[in-house]
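First up is the structure itself, then whatever we jot down about it.
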Number of protein chains: 2
Amino acid sequence: MAMRARQSQRRRQTLSRESIIEAAVELLDAAGESGLTVRALTERLATGSGAIYWHVGTRGELLDAATDTVIAAALATDPAQAPDTPQDEIRVVALGLFDAIAEHQWLATQLAIQLTRTPWEPVTLGIFESIGRQIRALGVPRGNWFTATSALVQYILGATIQNAQIGPNAPLVAPDVDRAEFLDAASIAWQELDPDKYPFMRAIADQMRQHNDREQFLAGIDLVLTGITNLHPPTGQAHIAE
Amino acid sequence: MAMRARQSQRRRQTLSRESIIEAAVELLDAAGESGLTVRALTERLATGSGAIYWHVGTRGELLDAATDTVIAAALATDPAQAPDTPQDEIRVVALGLFDAIAEHQWLATQLAIQLTRTPWEPVTLGIFESIGRQIRALGVPRGNWFTATSALVQYILGATIQNAQIGPNAPLVAPDVDRAEFLDAASIAWQELDPDKYPFMRAIADQMRQHNDREQFLAGIDLVLTGITNLHPPTGQAHIAE
DNA sequence: ACCTGAACACCGTTCAAGT
DNA sequence: ACCTGAACACCGTTCAAGT
């Protein structure tokens with residue numbers, strides 16, 4: 001009853017930049033990047049196209065704003081959680097991005113696009129800063145900060161992008177039901193490849209079917225952290241021969 | 001004179017799938033993904049839109065075909081080159097991808113899109129197989145093949161995508177002139193960030209200006225290889241606690 | 001078998017006009 | 001200041017018609 005009252009009280013709550021971005025994310029989640037059209041948006045918000053341009057600008061800017069919003073939310077660490085070790089902090093940030101992309105599959109492409117742009121846009125900046133602080137906390141020598149942070153961020157993004165395979169709006173709570181089917185299909189496809197062209201893929205088809213995405217992802221992060229720990233100290237920029 | 005004869009002999013060499021893909025790559029190189037339109041393509045090839053659909057299918061399929069073609073060429077190792085060590089082979093493959101993206105900037109997004117699709121498409125398959133063989137040659141225990149290959153491929157793709165920043169058709173021969181300006185601008189932008197929000201980015205602004213893309217990329221690969229070498233041997237899939 | 005190109009449905013964006 | 005929505009230029013795709 002309160003609902004009906006609130007609904008009829010105002011035909012629509014006043015339009016705002018935030019409400020437009022929110023609606024855009026919903027469209028993107030439901031139908032992917034091509035699902036976000038100005039017309040679909042104006043219909044959902046019961047407004048005209050000019051209103052979108054007034055509040056947020058072009059479709060491209062709206063896409064950027066949606067990406068910024070979702071990434072910022074994923075990066076915001078729960079302050080109630082114990083600080084733990086730098087390694088754990090890194091895992092929290094990385095899994096935050098990982099889960100955000102699983103939930104919003106369109107983010108994978110959008111992240112890639114943002115990455116190839118200038119490195120002083122909020123998304124790239126926020127990810128680098130989050131990871132970089134933990135690299136520093138890890139005791140990595142100052143001269144290796146940039147190399148270590150770059151490598152870790154790039155691994156996280158590559159892995160995260162490749163893992164956005166579950167389809168739009170993957171279930172967060174339910175276990176990986178569809179995922180199991182997906183892995184089975186992929187494993188079978190690999191096993192049926194030409195043995196002369198793809199001997200290696202056939203050899204790992206079984207491992208890939210049994211793997212768990214998140215465990216695999218965390219194993220990769222540990223792997224990179226091991227590499228970072230073993231980085232030879234900075235000695236000028238010499239010695240890269242060949 | 002032979003040229004003129006051949007030119008007038010037939011108003012245009014017969015259309016083919018290959019010639020269409022070739023023209024598509026040229027358009028993409030010149031103007032990015034949005035530069036590839038069916039109309040621009042038909043104009044350049046002096047044909048009708050139906051011909052494109054007859055030979056290659058939709059615009060999306062053409063984009064895939066262009067990606068496949070360029071990636072396959074980048075992956076094809078020069079057989080004249082000495083086999084070297086597995087490590088060197090990995091560097092050759094990785095730099096091949098790195099340079100391909102520097103030359104064809106649109107590849108970055110396209111690669112990300114292909115990655116998020118099914119893992120039995122030629123691009124993903126080819127990259128995994130190339131890298132995986134060297135992981136095997138490296139003597140990595142069989143149980144770690146999938147983990148090691150995934151981590152390395154994902155790092156390579158993340159790094160490679162992020163490095164496609166130079167702009168369309170970066171000079172292959174000329175030294176990184178524009179690149180230096182780009183790094184300067186980024187470094188300055190980082191130095192002017194809010195010290196409270198981005199202390200780490202300000203701290204590494206200098207390192208980032210001085211870094212060399214390819215050296216940094218190779219350092220990252222070495223780092224991941226170090227991590228792979230130190231992977232604990234597979235012991236079933238237990239022990240991932242927490 | 002291979003190609004033409006008009007026609008169609010659908011885009012993003014603008015902007016005079018309203019309140 | 002904020003919004004409307006018709007109009008415009010531009011898409012990808014189809015398909016009857018040609019050769």
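- Along DNA chain C, the nucleotide nearest to A:V38 and the one nearest to A:G50 differ in position, and the one closer to the 5' end is contacted by A:V38.
- Comparing C:dG12, C:dC2, D:dC11 by their nearest atom to the side chain of B:R39 picks out D:dC11.
- Comparing atom distances between the B:Y53 side chain and each of D:dC3, C:dC3, D:dT13 picks out D:dT13 as nearest.
- Ion pairing between A:E129 and B:R202 fails under the 4.0 Å rule for side-chain N and carboxylate O.
- Residue B:S34 holds its OG atom at 9.5 Å from CG of B:L28, rounded to the nearest 0.5 Å.
- Out of C:dT13, C:dC2, C:dC11, the shortest distance to the side chain of B:H55 is found at C:dC2.
- Atom pair A:L36:CG and C:dT13:P shows a separation of 10 Å (rounding to whole Å applied).
- Minimum atom distance to the side chain of A:W54 is reached by D:dA1, of the listed D:dA1, C:dC2, C:dT13.
- Separating the CZ atom of A:R17 from the P atom of D:dA1 is a distance of 18 Å, rounded to the nearest angstrom.
- C:dC3 atom P lies 5 Å from atom CG of B:L15, rounded to whole Å.
- Under the Watson-Crick or G-U wobble criterion, with both distances below 3.5 Å, D:dT14 is paired with C:dA6.
- Rounded to an integer number of Å, the gap from A:E43 CD to D:dG5 P is 13 Å.
- Counting only N and O atoms by type, the side chains of B:T118 and B:E121 include a donor and acceptor under 3.5 Å apart.
- Between B:R44 and B:E22, no side-chain nitrogen of the basic residue sits less than 4.0 Å from a carboxylate oxygen of the acidic one, so the salt-bridge criterion is not met.
- Look at D:dA1: its Watson-Crick or wobble partner, with both distances under 3.5 angstrom, is C:dT19.
- Residue contacts shown for A:I52 are absent, as no nucleic acid heavy atom lies under 4.0 Å away.
- For the pair A:R59 CZ and D:dC10 C1', the computed distance is 15 Å after rounding to whole Å.
- Residue contacts shown for B:T42 are absent, as no nucleic acid heavy atom lies under 4.0 Å away.
- No contact: B:L62 has no heavy atom under 4.0 Å from any strand.
- When atom types are taken as modelled, the side chain of B:R214 and the backbone of B:D99 share no donor-acceptor pair closer than 3.5 angstrom.
- The interatomic distance linking A:L41 (CG) with C:dG12 (C1') rounds to 12 Å, in whole Å.
- Looking at which nucleotide of DNA chain D each of A:S49 and B:S49 is closest to, the 5′-most match is held by A:S49.
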